[in-house]
Amino acid sequence: MDTTHTAAPPPGPRGAALRVAVVVVAAGSGSRLGAEVPKAFVRLADRPLLAHALERAGRCPGLVRVVVVAPASHVADALALTAGVTVPTQVVAGGAERSDSVAAGLAAAGDDVDAVLVHDAARALAPPSLFAAVVAALAEGHPAVVPGLPVVDTVKEVDKHGVVVATPDRSRLRAVQTPQGFDRAVLARAHADAPPGATDDAALVERLGLPVVVVPGDPLAEKVTTPRDLAVAHAVLAGAGPR
Ligand code: CTP
Ligand code: MG
């Protein structure tokens, strides 16, 4: 009698030839930045943030397709910024919440890719090496991979009165960035089951009970949220800041 049981296979190498789509979400308004145009179209030195993001995302290993998710009012403007990308690229209109925009991008990413990387246009300087690190971890068989940096400040959890209820052990915390990489089918399942307004795709995969692995992040991938962040990004680009 055969007494062996079929267990779920452990993550294993999927080979170096993952077919990857990158979804760049750029459909937010940028209310905290407060510019006259949506944040992805705000200039950083000579080009909009989205152009910087596309230049770097376009060098992702295994890349076969790019989807840009833009505000409905800026689809043509976004298309004009995709000229330098060497793989087929399309622009789709986003939604009210970031998760709506990711879902729109995912629908356009195609089911012929193995992996989808979701990237914030606002993380305009995230380097190609970070994309490569995420793809490498996916190729090892992990279904979900996010870059993260150690948290430098002590973090407090507070109640509605501002009274501290907990102090998590800082050494166990990571501030996560994008690009976040997923097995395509896993991300599709996660979004099909998503509560409205989710801000983090990896959290949706966690809800499925699947592991999400954190790889080392990069200070260059910090998000432009406020005018100060834009000034910092400008200094970094000019070589005056940390590399
Ligand atoms: N995003 C999106 N669709 C939305 C909201 C956000 O595609 N409905 C994108 C943004 O364009 C950005 C990324 O998600 O690249 C991260 O979001 P965030 O930094 O919050 O950008 P905004 O929502 O534009 O900014 P704010 O929250 O200050 O309004
Ligand atoms: Mg936002």
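Every value quoted in this text rests on a predicted model; they were computed, and no experiment measured them. Start at 1 and go down the list; that is how both ligands and their atoms are numbered.
In this structure, the separation between CG on Asp114 and CG on Asp183 is 8.0 Å, given to the nearest 0.5 Å.
A salt bridge links Arg19 to Asp112: at least one charged side-chain nitrogen sits closer than 4.0 Å to a carboxylate oxygen. Using a 4.0 Å cut-off between charged side-chain N and carboxylate O, Asp200 and Arg98 make no salt bridge.
The aromatic rings of Phe131 and His119 sit perpendicular, their planes meeting at an angle over 60°, well past the 30° parallel limit.
Within the 4.5 Å cutoff, side-chain heavy atoms of Val22 are placed close to those of Val24.
Near ligand 1, heavy-atom contacts under 4.0 Å come from Val25, Ala26, Ala27, Gly28, Ser29, Gly30, Ser31, Arg32, Lys39, Gly95, Ala96, Glu97, Arg98, Ser101, Asp120, Ala121, Ala122, Lys223.
More than 12 heavy atoms of other residues, nucleotides or ligands sit less than 6.0 Å from atom CZ of Arg174.
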